[in-house]
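Contents: one structure, followed by commentary.
Side-chain atoms are counted along with the backbone in the values below, which use heavy atoms only and exclude waters and symmetry mates.
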Amino acid sequence: MKKFLLILSFFMGIYASAQEELKKDSVVVDTVKYWSVVGKNTLMINQAAFSNWVGGGANNVGWLAGINYNLTYEKNNDLWENIIILGYGQNDTKGLGIRKTQDVINLSTNYGRKFSKSWYFSLGAGLQSQFAAGYEDGNNPEAKKISNFMAPGYLNVGMGITYRPNDDLTVTLRPTNARWTFVLDKDLQMAGSYGLKNDGDSSLLQFGFLGTAIYKLKIMEDIYLTNTASVFSNYLDRPDRLVLAYGALLNLKVNKYISSNVTVDLLYDHNQIEKTQLKQTLGIGFAYTLDNGVKRSDRKDSQWWIKK
């Protein structure tokens, strides 16, 4: 939890500093016109209380906090996209104690150089992990530990091509991609755990193909669906064992500061467990959206802002 608050404070500090600089220097304001910044900060709260309720139930209270930012820089033939997704949540149930309900770190960056309409030669990296330990029995600290911060952690670095016709669709194909699996918790460094070859190993290197896609859809007014998908094949060992991931985020906006989110995540990774993994969350609470008003789809050329 301390790691989450530290990282969240770091990014909020950067944003506050950037805003202060914009006020001081009008020249900087012009350069910022090349940036498209869209982000959402959320705090979801849920609670249930029971007293002499024949139907039964346990008093509980929970919370979930997160940030989701997309920062895109475009000038002439250069396109640089950055995604920051951080989330953490807990639920305190009477008789069971505190349990983790959400835990995600997802950071990625991708630079592209246009060679044809909507097509870019690209180079990028991505990091996925979690903040806190996970346990076999519903995150019960008394149960067997199965995961922790950077255990596993995944780092992808590769190059290929990116197709981005508008703000709503991005597809990246990397036929050359290095994928490191890190297991930095010594208690989990056992042969077979997350694909490790030997006891005491802290990392595993794979090399193969990585494909990713993001598709955003406006279902109706104030209802949006964001789909993400990825596939990885390891050329060096059993390329038929694909690592498949799909995520859906349904956002229902109530007003400027209140919204509801429904998430569904599916994952199949043979090195983790030979079963399909499923995670689903539902929450309603406070949300603040940051949008600097710059939309790539509205631009006619790289100097569009000068004509305004």
Going by heavy atoms in the side chains, are Asp185 and Ser147 under 4.5 Å from each other?
-> no
Under a 4.5 Å cut-off applied to non-hydrogen side-chain atoms, are Arg179 and Leu155 in contact?
-> no
Test item: side-chain donor near acceptor, Thr212 and Ser230, under 3.5 Å | no
If two hydrophobic side chains count as joined below 4.5 Å and joins carry through other members, does Tyr163 share a cluster with Leu173?
-> yes
Taking side chain as C-beta onward, heavy atoms only, is Ile223 less than 4.5 Å from Leu250?
-> yes
Measure the OH-CD distance between Tyr268 and Glu274 for me, rounded to the nearest 0.5 Å.
-> 5.5 Å
Should Leu127 and Met150 count as side-chain neighbours, where that means a heavy-atom distance under 4.5 Å?
-> yes
Go through the steps to decide whether Trp63 and Tyr88 satisfy the test side-chain contact (heavy atoms from CB on, under 4.5 Å), and finish with yes or no.
-> CA-CA 9 Å; Trp63 63 274; Tyr88 192 83; 3.7 Å; yes
How many angstroms lie between atom NZ of Lys40 and atom OH of Tyr288, to the nearest 0.5 angstrom?
-> 12.5 Å
Could you walk me through whether Val262 and Gln280 pass side-chain contact (heavy atoms from CB on, under 4.5 Å), step by step?
-> CA-CA 7 Å; Val262 180; Gln280 184 273 325; 4.0 Å; yes
Are the aromatic rings of Tyr111 and Trp80 close, with centres under 6.0 Å apart?
-> no
Measure the shortest side-chain to side-chain distance between Arg164 and Asp167 over non-hydrogen atoms and say whether it is less than 4.5 angstrom.
-> yes
Enclosure of Lys94 NZ (heavy-atom neighbours >12, cutoff 6.0 Å) | no
Interatomic spacing from OH in Tyr120 to CD in Glu81 - rounded to 0.5 Å = 8.0 Å
Is a side-chain donor or acceptor of Ser260 paired with a backbone partner of Gly283 at a separation under 3.5 angstrom?
-> yes
Are the side chain of Ser193 and the backbone N or O of Leu188 linked by a donor-acceptor pair below 3.5 Å?
-> yes
Kindly compute the distance separating OG (Ser203) from CG (Leu196), expressed to the nearest 0.5 Å.
-> 8.0 Å
Report the C-alpha distance between Leu204 and Tyr194 in whole Å, list the side-chain angles of each, state the deciding distance to 0.1 Å, and finish with yes or no for side-chain contact (heavy atoms from CB on, under 4.5 Å).
-> CA-CA 9 Å; Leu204 171 71; Tyr194 299 107; over 6 Å; no
Is there a donor-acceptor pair under 3.5 Å between the side chain of Lys100 and the backbone N or O of Ala132?
-> yes
Would you please say whether a donor-acceptor pair under 3.5 Å links the side chains of Tyr69 and Asn41?
-> yes
Check the pair Leu86, Ile105 against side-chain contact (heavy atoms from CB on, under 4.5 Å), reporting the backbone distance first and the verdict last.
-> CA-CA 5 Å; Leu86 305 173; Ile105 301 174; 3.9 Å; yes
Determine whether Phe121 and Ile161 make a side-chain contact, defined as any pair of heavy atoms from C-beta on separated by less than 4.5 Å.
-> yes
Of Ile83, Asn68, Ile85, which meets side chain to side chain contact (heavy atoms under 4.5 Å, CB included) against Asn106?
-> Ile85
Do the side chain of Asn156 and the main chain of Asn177 share a donor and acceptor less than 3.5 angstrom apart?
-> no
Going by atom types only, do Thr72 and Asn70 share a side-chain donor-acceptor pair under 3.5 Å?
-> yes
May I ask you to check whether over 12 heavy atoms, not counting those of Met190, lie within 6.0 Å of atom CE?
-> yes
Qualifying residues under side chain to side chain donor-acceptor pair (under 3.5 Å), relative to Thr228, sequence neighbours excluded = none
Do Asn261 and Thr263 have a side chain donor and acceptor closer than 3.5 Å?
-> no
Indicate whether any N or O donor in one side chain lies under 3.5 Å from an N or O acceptor in the other, for Thr162 and Asn110.
-> yes
Among pairs that include at least one residue of residues 214-265, which meet ring pair (Phe, Tyr, Trp, His ring centres under 6.0 Å), considering only residues two or more places apart or in two chains?
-> Phe207-Tyr235
Side-chain contact, heavy-atom cut-off 4.5 Å: Thr226 with Asn251?
-> no
To the nearest 0.5 angstrom, please state how far the NZ atom of Lys279 sits from the OG1 atom of Thr101.
-> 9.5 Å
If two hydrophobic side chains count as joined below 4.5 Å and joins carry through other members, does Val171 share a cluster with Phe115?
-> yes
Thr176: what forms a side chain to side chain donor-acceptor pair (under 3.5 Å) with it, not counting sequence neighbours?
-> none
Compare all side-chain heavy atoms of Leu236 with those of Leu205 and state whether any distance is below 4.5 angstrom.
-> no
Consider only side-chain heavy atoms of I, L, V, M, F, W and Y, link residues closer than 4.5 Å, and tell whether Phe131 and Leu43 are in one cluster.
-> yes
Checking Asn198 side chain against Asp201 main chain: does a donor-acceptor pair fall under 3.5 Å?
-> no
